[in-house]
2 protein chains.
Amino acid sequence: MSDITTTADMFMKTRDKILLSSLELFNERGERNVTTNHIAAHLAISPGNLYYHFRNKSDIIYEIFLEYEKLVDYYLDIPEDRAMTLDDMTFYLESVFDGLWSYRFFHRDLEYLLDSDSRLRKDYREFTNRCLSAISRIFEKLSEAGIIEEQPDNLRAAMSLNVWLVITNWMAFLKTAHAEETYAALTLTELKQGIYQVLTLEIPYLTPAYRDRVMALRENYRPSLPERRLEGVPV
Amino acid sequence: MSDITTTADMFMKTRDKILLSSLELFNERGERNVTTNHIAAHLAISPGNLYYHFRNKSDIIYEIFLEYEKLVDYYLDIPEDRAMTLDDMTFYLESVFDGLWSYRFFHRDLEYLLDSDSRLRKDYREFTNRCLSAISRIFEKLSEAGIIEEQPDNLRAAMSLNVWLVITNWMAFLKTAHAEETYAALTLTELKQGIYQVLTLEIPYLTPAYRDRVMALRENYRPSLPERRLEGVPV
DNA sequence: GACTCCCTAGAGTATATACTCTAATAATAC
DNA sequence: GTATTATTAGAGTATATACTCTAGGGAGTC
């Protein structure tokens with residue numbers, strides 16, 4: 001995957017360095033805790049310089065969203081000229097969680113961000129709709145490929161929405177489940193245990209031909225030590 | 001349901017008025033957008049007065065959380081002396097969404113709130129565990145009652161977690177799906193369409209004896225006009 | 001009346017935050 | 001070289017925010 005979290009270096013344009021550092025700081029500390037002055041200080045540039053490149057903080061966030069959107073749209077581009085395989089499905093899941101990870105600040109303060117920028121609100125709504133369509137289309141193609149049973153349209157739509165809810169809320173859940181207070185105390189590996197949860201949703205719909213293979217795939221993402229963190233839940 | 005959103009009146013103690021008004025304002029505008037000065041002004045009391053009753057803003061939030069916790073714990077108290085009915089299940093779902101509604105500010109800025117108050121973080125973790133246990137126990141009792149098929153423990157745990165993820169993320173989803181920017185533009189009725197999504201998770205596990213009844217119940221919560229808001233999703 | 005205790009007003013403060021302004025420097029074009 | 005444009009520094013500002021401090025009122029008790 002692209003190495004998005006690399007620290008900005010001296011060969012980059014200031015504008016790009018600002019975007020990159022902002023993303024890093026937002027991811028580490030949360031957007032709410034990162035000021036424009038912090039970003040400038042982090043890059044050892046003046047606030048004036050930062051505001052030369054961006055009119056305000058919202059514009060920085062918006063541009064980062066556009067990158068995120070582009071990445072996910074790229075990942076969720078579904079080839080229509082061939083049948084879907086289990087590897088495809090794995091790729092989609094892995095990719096979406098990679099994207100979530102790289103831009104993980106975004107879903108944290110989502111509601112506030114959308115309330116402060118109506119342009120972002122509009123774009124994000126359309127983005128959500130595209131993602132929901134893609135998920136639904138993936139289910140359709142998985143049926144065509146005989147991996148999951150065919151389902152009526154409205155059930156597929158509701159299932160797709162549940163998949164979206166689980167995906168977008170998994171990280172928030174992990175962070176609240178964590179005992180540590182540091183925002184950074186979360187790993188990509190843990191995040192990808194969300195795939196286990198998503199595959200859980202598919203279980204009852206798997207065809208006999210693929211059931212065992214998908215269950216084996218799911219095992220790869222089984223949370224390693226959930227009973228220590230969630231002692232109340234039977235495992 | 002308790003009429004929590006009633007405006008504070010002159011017969012209440014100042015301390016309670018502060019809690020009530022804070023909750024109202026937080027719910028309407030989001031915690032991030034409500035300052036202690038706003039709360040005081042709303043009640044027409046001085047900031048000094050407010051700080052006589054509460055050491056800081058976190059303490060106000062913490063006390064509100066304790067109320068929330070108490071409410072949900074009360075709702076999710078599962079009677080062990082009798083079998084579970086469909087009505088029970090409906091009651092649990094309705095109650096949980098009522099609770100979410102009354103304290104809807106809470107899940108909005110959850111991560112920030114937990115990061116700013118380690119006491120809250122700890123309590124919330126335990127609260128989550130209790131909720132997950134309750135959900136899991138509800139599934140168990142639904143099996144015992146012959147409403148859903150019996151499932152292995154680890155599947156039930158994963159399913160319970162998915163239910164929790166859908167419940168706690170449903171409101172955030174609704175707000176991002178809304179075109180309107182106002183935080184208040186959300187109704188309890190819409191919120192309860194989350195029940196449709198939760199019941200969607202149960203569908204494949206329903207026993208033949210109860211399948212039709214649950215599907216009919218689910219229809220009561222079907223989103224009224226999702227295709228207008230989510231034009232990309234087949235319905 | 002005086003003492004005490006609970007409560008309240010309201011001015012005030014230290015700090016932070018998003019953002020601006022001016023002047024100067026580097027880069028590029030001609 | 002010179003003119004022009006792009007970029008940068010850095011001090012500064014208006015506003016907001018969480019919270020403090022002092023003074024005092026009101027009610028009950030002796």
Side-chain angles (χ1 to χ4, degrees), chain A residues 8-26 28-65 105 108-109 112-120 183, chain B residues 8-26 28-65 105 108-109 112-120 183:
Chain A
D9 67 39
M10 57 188 300
F11 302 110
M12 297 177 71
K13 284 187 173 174
T14 302
R15 192 188 152 81
D16 293 330
K17 286 198 287 190
I18 292 169
L19 287 175
L20 197 53
S21 282
S22 299
L23 177 57
E24 279 179 27
L25 293 173
F26 290 161
E28 273 168 29
R29 305 180 202 169
E31 178 271 339
R32 186 171 181 172
N33 300 317
V34 176
T35 72
T36 49
N37 291 351
H38 287 147
I39 299 166
H42 184 78
L43 283 167
I45 66 172
S46 63
N49 194 354
L50 185 146
Y51 279 91
Y52 170 79
H53 290 283
F54 294 93
R55 273 181 28 249
N56 51 44
K57 196 181 173 187
S58 275
D59 275 7
I60 298 177
I61 293 164
Y62 184 67
E63 295 241 1
I64 294 177
F65 165 72
F105 86 94
R108 184 190 194 192
D109 286 309
Y112 176 82
L113 296 178
L114 299 191
D115 276 356
S116 336
D117 186 347
S118 60
R119 185 183 41 163
L120 183 63
Y183 189 68
Chain B
D9 66 38
M10 56 187 302
F11 302 111
M12 297 179 69
K13 284 189 173 172
T14 302
R15 191 188 153 82
D16 294 329
K17 285 198 287 189
I18 292 169
L19 287 174
L20 198 52
S21 280
S22 299
L23 177 57
E24 279 179 28
L25 292 174
F26 290 160
E28 273 169 31
R29 305 181 203 168
E31 179 271 340
R32 185 171 181 171
N33 300 317
V34 176
T35 71
T36 48
N37 291 350
H38 286 147
I39 299 167
H42 185 77
L43 283 168
I45 65 172
S46 64
N49 194 353
L50 186 145
Y51 278 92
Y52 171 78
H53 291 283
F54 294 93
R55 273 182 28 247
N56 51 43
K57 197 180 173 187
S58 276
D59 275 8
I60 298 177
I61 293 164
Y62 184 67
E63 294 240 3
I64 294 177
F65 165 72
F105 87 93
R108 185 189 193 190
D109 286 308
Y112 176 82
L113 296 178
L114 299 192
D115 275 357
S116 335
D117 186 345
S118 58
R119 186 183 40 164
L120 183 63
Y183 187 68

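Only a predicted model underlies this, so the values are computations on that prediction, with no experimental measurement involved. Sequence lines set the chain letters: A, B, ... in the order given, protein chains first and strands last, and positions in each chain run from 1.
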(request) Mind checking A:Leu50 for me? I need base, sugar-phosphate or nothing, with any heavy atom below 4.0 Å counting as a touch. (result) nothing
(message) Tell me every residue that passes side chain to side chain donor-acceptor pair (under 3.5 Å) with A:Thr36, counting only those two or more places apart in sequence or in another chain.
(response) A:Tyr51
(request) Sorted by first residue and then second, give each salt bridge (charged side-chain N to carboxylate O under 4.0 Å, His left out) pair with at least one member in residues 31-42 of chain A; sequence neighbours left out. (result) A:Glu31-A:Lys57, A:Glu31-B:Arg32, A:Arg32-B:Glu31
(message) Please list all pairs meeting salt bridge (charged side-chain N to carboxylate O under 4.0 Å, His left out) that have one or both residues in residues 35-52 of chain A, counting only residues at least two apart or in different chains.
(response) none
(message) It should be established whether A:Ser46 places a side-chain nitrogen or oxygen under 4.0 Å from OP1 or OP2 of nucleotide D:dA11.
(response) no
(request) Go along nucleotides 17-24 of chain C 5' to 3' and tag each nucleotide: B for a protein heavy atom under 4.0 Å from its base, S when only backbone or sugar atoms are that close, - otherwise. (result) SBBBB---
(message) Please confirm whether the shortest side-chain N or O distance from A:His53 to OP1 or OP2 of D:dA6 is below 4.0 Å.
(response) no
(request) Only counting residues at least two apart or in another chain, list the ones meeting side chain to side chain donor-acceptor pair (under 3.5 Å) with A:Asn56. (result) none
(message) Rounded to whole Å, how long is the line connecting atom CG of B:Asp16 with atom P of C:dC7?
(response) 11 Å
(message) Rounding to an integer number of Å, can you tell me how far B:Arg15 CZ sits from C:dC6 P?
(response) 14 Å
Show the atom names and distances, to 0.1 Å, of all donor-acceptor pairs under 3.5 Å that link a side chain in residues 39-48 of chain B to residues at least two apart or in another chain.
{"from": "B:Ser46", "atom 1": "OG", "to": "B:Asn49", "atom 2": "N", "distance (Å)": "3.1"}

(message) If I take atom OG from residue A:Ser22 and atom CG from residue A:Leu50, how far apart are they, to the nearest 0.5 angstrom?
(response) 6.5 Å
(message) For a quick test of reading the model: is some side-chain N or O of B:Tyr52 closer than 4.0 Å to OP1 or OP2 of C:dC7?
(response) yes
(request) Would you please name every residue forming a side chain to side chain donor-acceptor pair (under 3.5 Å) with B:Arg15, sequence neighbours left out? (result) B:Glu63
(request) Estimate the overall bend of the helix from C:dG1-D:dC30 to C:dC30-D:dG1 from the end axes over five pairs each, rounded to 10 degrees. (result) 10°
(request) Name all residues meeting the side chain to side chain donor-acceptor pair (under 3.5 Å) criterion together with B:Tyr112; count only those two or more places apart in sequence or in a different chain, and write none if there are none. (result) none
